> 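Pasting a structure here, questions to come.
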Amino acid sequence: MRHLLSVDDLRREDIERILGRAESFAEVAGREIKKVPTLRGRTVINLFYEASTRTSASFAIAAKRLSADVENVKAQGSSVDKGESLKDTVQTLSAYDPAAIVFRSPNAGAAGLVARWTSASVINAGDGKHEHPTQALLDLYTLRRRAGSLEGLNVWIVGDVLHSRVARSNILAFGRMGCRVTVCGPPTLMPRGVESLGCEVRYSLDDLGKADVVYALRMQQERMMGSFVPSLREYASCFQIDGRRLGSHQLLMHPGPVNRGVELAAEVIDSPQALITQQVESGVVVRMAVLYELLAGGPGGPRDPAGRGGISAAPAGESTEPQPA
Ligand code: ASP
């Protein structure tokens with residue numbers, strides 16, 4: 001696999017391999033020196049055309065923990081402000097011979113275009129309302145760690161499904177791993193034909209009790225052209241997950257950033273059922289595993305554990321004896 005643009009690029013066995021590798025990186029994350037030499041001498045460029053806290057920070061930390069040289073480029077403050085096109089920007093950055101470009105854009109499909117313009121591996125870090133595959137992987141990882149197994153879990157994805165790349169990637173990813181997925185929200189925030197991704201659709205929380213996992217989405221107002229709900233207060237009264245609606249047996253997830261008091265009430269954000277902080281934590285090891293998969297591992301890759309090596313669990317500078325990953 002050269003690029004990661006969509007969850008559709010991944011078979012179940014690919015997902016299993018990435019999650020397994022993330023587990024082995026979690027061991028490294030528990031050490032005092034949290035670094036392995038896997039990507040020493042290689043460059044990772046994070047190119048972000050849209051706001052980000054978690055995704056950009058965790059990709060940068062992940063690449064550094066793999067000993068890559070990391071360059072963070074934000075559209076704001078770059079030559080994009082001077083009118084440089086995306087293609088020219090990508091070709092300019094490609095002249096530095098990066099091994100990977102981690103790319104975020106407000107436009108659906110933009111990561112696929114970038115992949116055509118560079119010889120680097122491209123990782124889609126969110127393209128408009130299309131996809132956010134590494135978010136889906138870290139969600140699977142977090143949930144599997146907590147629930148033990150994903151098979152047969154009933155996952156409800158609640159909120160602004162229409163504008164959510166996370167919903168799209170997660171419907172595919174949870175489905176691929178054997179979960180039953182239901183999406184729920186007001187009809188105005190439900191994409192037409194979403195069932196074809198492999199989920200059920202509900203327009204009220206009446207049956208929310210059947211869910212094992214409630215995955216709440218942010219109201220993505222930056223992507224809304226016009227008004228999709230009468231008011232946020234009205235939306236919250238019908239769809240907010242609060243202490244009354246969330247059963248004690250249910251787990252709660254959210255990709256962040258959370259709008260407190262809109263999609264989630266404060267009491268559930270801070271409850272022991274919430275996995276939100278663990279999702280953030282998982283971002284680093286899962287993104288390490290994705291960088292490893294594309295740049296150093298994967299079946300037949302140059303450092304395929306079945307081939308010429310694997311990740312070294314040793315800190316940078318120490319022995320790089322092959323280790324099972
Ligand atoms: N952080 C996620 C994303 O970039 C979710 C969100 O913004 O609501 O898509």
Side-chain angles (χ1 to χ4, degrees), residues 4-7 46-62 72 74-76 102-112 114 122-143 155-174 181 183-186 189-191 194 197 213-225 228-229 232 235-236 239-241 252-265 268-269 274-284 286-287 290:
L4 178 56
L5 303 176
S6 160
V7 169
N46 294 322
L47 177 59
F48 277 62
Y49 276 64
E50 203 190 56
S52 172
T53 302
R54 281 151 278 264
T55 308
S56 63
S58 60
F59 262 117
I61 294 169
N72 296 310
K74 307 247 182 236
Q76 230 178 17
V102 178
F103 180 64
R104 166 166 291 191
S105 160
N107 301 312
V114 171
V122 175
I123 301 173
N124 182 3
D127 60 338
K129 45 186 181 169
H130 176 226
E131 279 225 39
H132 196 352
T134 59
Q135 176 73 48
L137 289 168
L138 75 87
D139 290 334
L140 293 175
Y141 175 85
T142 308
L143 184 57
V155 180
W156 275 51
I157 299 177
V158 178
D160 178 5
V161 180
L162 181 65
H163 298 100
S164 177
R165 52 193 173 212
V166 172
R168 208 183 145 76
S169 289
N170 274 5
I171 294 167
L172 296 171
F174 282 128
V181 183
V183 291
C184 176
L189 290 175
M190 198 56 72
V194 67
L197 295 176
V213 181
V214 179
Y215 194 111
L217 299 170
R218 184 174 63 89
M219 289 288 272
Q220 288 144 103
Q221 303 200 64
E222 75 276 18
R223 289 193 201 113
M224 294 185 192
M225 312 280 188
F228 285 77
V229 289
L232 285 183
Y235 171 81
F239 292 100
Q240 184 185 84
I241 308 300
L252 176 68
M253 303 181 81
H254 189 297
V258 174
N259 285 154
R260 282 180 181 255
V262 181
E263 67 270 8
L264 294 181
V268 296
I269 301 172
L275 299 181
I276 301 169
T277 308
Q278 288 90 318
Q279 288 171 269
V280 175
E281 250 176 68
S282 303
V284 172
V286 169
R287 288 173 172 131
V290 167

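Read the numbers this way: they start at 1 and go in the same order the structure lists the ligands and their atoms. Just so you know, these numbers come straight off a predicted model, no measurement behind them. Hydrogens, waters and symmetry mates play no part in the numbers below; they use all other heavy atoms, side chains included.
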> Between Arg287 and Ala62, is there a donor-acceptor pair closer than 3.5 Å when you use the side chain of the first and the backbone of the second?
no

> Taking the six-membered ring of Phe48 as reference, does the cationic atom of Arg104 (NZ for Lys, CZ for Arg) lie under 6.0 Å from its centre and within 45° of its axis?
no

> Hey, does the side chain of Asp160 reach the backbone of His163 with a donor-acceptor pair shorter than 3.5 angstrom?
yes

> I'd like to check the side chain to side chain donor-acceptor pair (under 3.5 Å) partners of Glu50; sequence neighbours left out, ordered by chain and number.
Arg165

> Rounded to the nearest 0.5 Å, what's the gap from NZ on Lys129 to CG on Leu162? Could you check?
5.0 Å

> Check whether any side-chain N or O of Gln279 sits under 3.5 Å from a backbone N or O of Thr142 as a donor-acceptor pair, and report yes or no.
no

> Students should find this: residues with any non-hydrogen atom under 4.0 Å from ligand 1. What is the answer?
Arg104, His132, Arg165, Val166, Arg218, Pro255, Gly256, Pro257

